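Structure first, commentary second.
All figures in this text were calculated on a predicted structure; none of them were measured in a lab.
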Amino acid sequence: MALYNDIVMDHFLNPKNVGELENPDGTGVYGSPVCGDMMQIQIKVEDEKITDAKFKTFGCGSAIASSSMATSMIIGKTIEEALDVTNKQIIDNLGGLPPVKVHCSVLADKAIKNAIYDYAQKNGKHYDALEGYDPNEDEDDDHEVSEDE
């Protein structure tokens with residue numbers, strides 16, 4: 001049985017939105033202490049809507065696929081809608097990930113929030129979903145995020 005489904009393989013082998021934006025409005029970087037993967041997501045924002053997003057990821061196929069899917073999911077969304085994107089939604093849109101790779105979707109979720117946090121800080125914006133958010137806080141190493149959460 002294959003480890004990854006066709007959607008995950010497509011986003012790994014043919015990732016969407018790879019690269020860097022010229023003059024991004026927000027940049028979010030997040031790394032996992034669990035596996036050592038690193039992810040950067042950059043966003044362009046116009047009238048509170050994400051008009052473009054790019055990523056660079058150092059990591060496994062699941063991390064690359066999660067980055068590709070996450071950036072595809074947030075382009076065209078408002079900042080508030082993008083803040084509502086969860087790792088479970090990323091997994092669902094990918095058609096699932098092996099349980100040992102679920103943490104890769106958390107990288108994308110956190111990198112999105114970090115990019116929006118950066119945008120908010122640079123532009124004096126306030127979003128309720130970022131209330132008390134600390135972009136430098138790591139996930140608890142003992143807490144495994146599951147598809148059921």
Side-chain angles (χ1 to χ4, degrees), residues 1-45 49-122 127 129-130 132-149:
M1 183 171 137
L3 183 61
Y4 298 117
N5 66 44
D6 290 342
I7 299 169
V8 174
M9 288 303 295
D10 181 49
H11 278 272
F12 168 58
L13 296 173
N14 306 295
K16 286 69 174 159
N17 310 309
V18 174
E20 289 187 279
L21 293 171
E22 192 172 316
N23 302 314
D25 294 313
T27 299
V29 177
Y30 189 72
S32 170
V34 175
C35 61
D37 292 351
M38 288 295 293
M39 186 177 297
Q40 172 184 280
I41 291 181
Q42 296 181 315
I43 57 172
K44 275 282 197 193
V45 181
K49 186 177 267 192
I50 296 174
T51 59
D52 200 4
K54 298 281 187 210
F55 80 89
K56 290 189 344 183
T57 295
F58 175 81
C60 66
S62 294
I64 293 166
S66 293
S67 305
S68 175
M69 179 57 77
T71 53
S72 296
M73 288 172 66
I74 64 171
I75 294 172
K77 289 192 181 317
T78 65
I79 294 291
E80 296 284 352
E81 291 168 337
L83 283 167
D84 286 340
V85 171
T86 66
N87 72 296
K88 181 165 180 3
Q89 290 171 330
I90 295 167
I91 292 167
D92 289 347
N93 278 285
L94 284 170
L97 287 173
V100 298
K101 294 296 186 177
V102 166
H103 65 274
C104 296
S105 64
V106 175
L107 295 178
D109 177 12
K110 291 281 287 186
I112 290 168
K113 284 184 176 53
N114 287 354
I116 294 171
Y117 181 87
D118 182 50
Y119 166 73
Q121 294 296 303
K122 288 178 179 174
Y127 302 102
L130 291 176
Y133 181 75
D134 181 357
N136 300 313
E137 182 179 310
D138 287 335
E139 294 289 321
D140 182 354
D141 291 356
D142 298 328
H143 177 72
E144 280 295 312
V145 178
S146 72
E147 291 185 57
D148 299 330
E149 286 188 355

Checklist entry - Going through the checks in order, is the side chain to side chain contact (heavy atoms under 4.5 Å, CB included) test met by E81 and D84? => result CA-CA 5 Å; E81 291 168 337; D84 286 340; 5.5 Å; no

Next on the checklist: Rounded at 0.5 Å granularity, tell me how far CG in D52 sits from OG1 in T71.
Outcome noted: 9.0 Å

Checklist entry - Closest approach of S66 and L97, non-hydrogen atoms and distance? => result OG-CD1, 3.9 Å

Checklist entry - For K122, does the NZ atom have more than 12 heavy-atom neighbours from other residues, nucleotides or ligands under 6.0 Å away? => result yes

Item to check | Full working for side chain to side chain contact (heavy atoms under 4.5 Å, CB included) between T27 and Q40 | outcome: CA-CA 7 Å; T27 299; Q40 172 184 280; 3.9 Å; yes

Checklist outcome for this item: Minimal heavy-atom distance between F12 and G61, with the atoms involved, is CD1-CA, 3.4 Å

Checklist outcome for this item: Looking only at heavy atoms, the pair that brings A82 and I112 closest together is O-CG2, 4.0 Å

Item to check | Over 12 non-hydrogen atoms of neighbours within 6.0 angstrom of NZ in K44 | outcome: yes

Item to check | Minimum heavy-atom distance I41-A108, with the two atoms named | outcome: CD1-O, 4.0 Å

Checklist entry - Are M9 and N5 side-chain neighbours, meaning at least one heavy-atom pair lies under 4.5 Å? => result no

Next on the checklist: Once rounded to the nearest 0.5 Å, what's the spacing between atom CD1 of I64 and atom NZ of K56?
Outcome noted: 13.0 Å

Item to check | Separation of F55 CZ from S68 OG (nearest 0.5 Å) | outcome: 5.0 Å

Next on the checklist: Any heavy-atom pair between the side chains of L83 and L130 that's under 4.5 Å?
Outcome noted: yes

Checklist entry - Does the Q42 side chain pair with the main chain of E20, one donor and one acceptor, at a distance under 3.5 Å? => result no

Checklist outcome for this item: Partner of N114 under side-chain hydrogen bond (donor to acceptor under 3.5 Å, both in side chains), picked from Y133, Y30, Y119, is Y133

Checklist entry - Does the pair V85 and K77 meet the rule for a side chain to side chain contact (heavy atoms under 4.5 Å, CB included), with working shown? => result CA-CA 10 Å; V85 171; K77 289 192 181 317; 4.1 Å; yes

Checklist outcome for this item: Output for pair (I50 CD1, T78 OG1), nearest 0.5 Å, gives 8.0 Å

Checklist entry - Going by an N to O cut-off under 4.0 Å, is there a salt bridge joining K16 and D10? => result yes

Checklist entry - Counting only N and O atoms by type, is there a donor-acceptor contact under 3.5 Å from the side chain of D37 to the main-chain atoms of A63? => result no

Checklist entry - Within the distance-only criterion (no hydrogens, no angle test), does the side chain of Q121 pair as donor or acceptor with the backbone N or O of D118 below 3.5 angstrom? => result no

Checklist entry - Can you tell me if CG on D6 sees more than 12 non-hydrogen neighbours from other groups inside 6.0 Å? => result no

Next on the checklist: With side chain to side chain contact (heavy atoms under 4.5 Å, CB included) as the criterion, how do N17 and S72 come out once you've worked through the C-alpha distance, each side chain's angles and the decisive distance to 0.1 Å?
Outcome noted: CA-CA 7 Å; N17 310 309; S72 296; 3.3 Å; yes

Checklist entry - Within the side chain of D109, is there an N or O that forms a donor-acceptor pair under 3.5 Å with the backbone of T86? => result no

Checklist entry - Rounded to the nearest 0.5 Å, how far does CE of M69 lie from CD1 of I90? => result 9.0 Å

Item to check | Approximate separation, where rounding is to 0.5 Å, of I91 CD1 and K101 NZ | outcome: 13.0 Å

Checklist entry - What is the minimum heavy-atom distance between M73 and N93, and which atoms define it? => result CE-ND2, 3.2 Å

Checklist entry - Do you know the tightest heavy-atom contact between L94 and A65? => result CD2-O, 3.8 Å

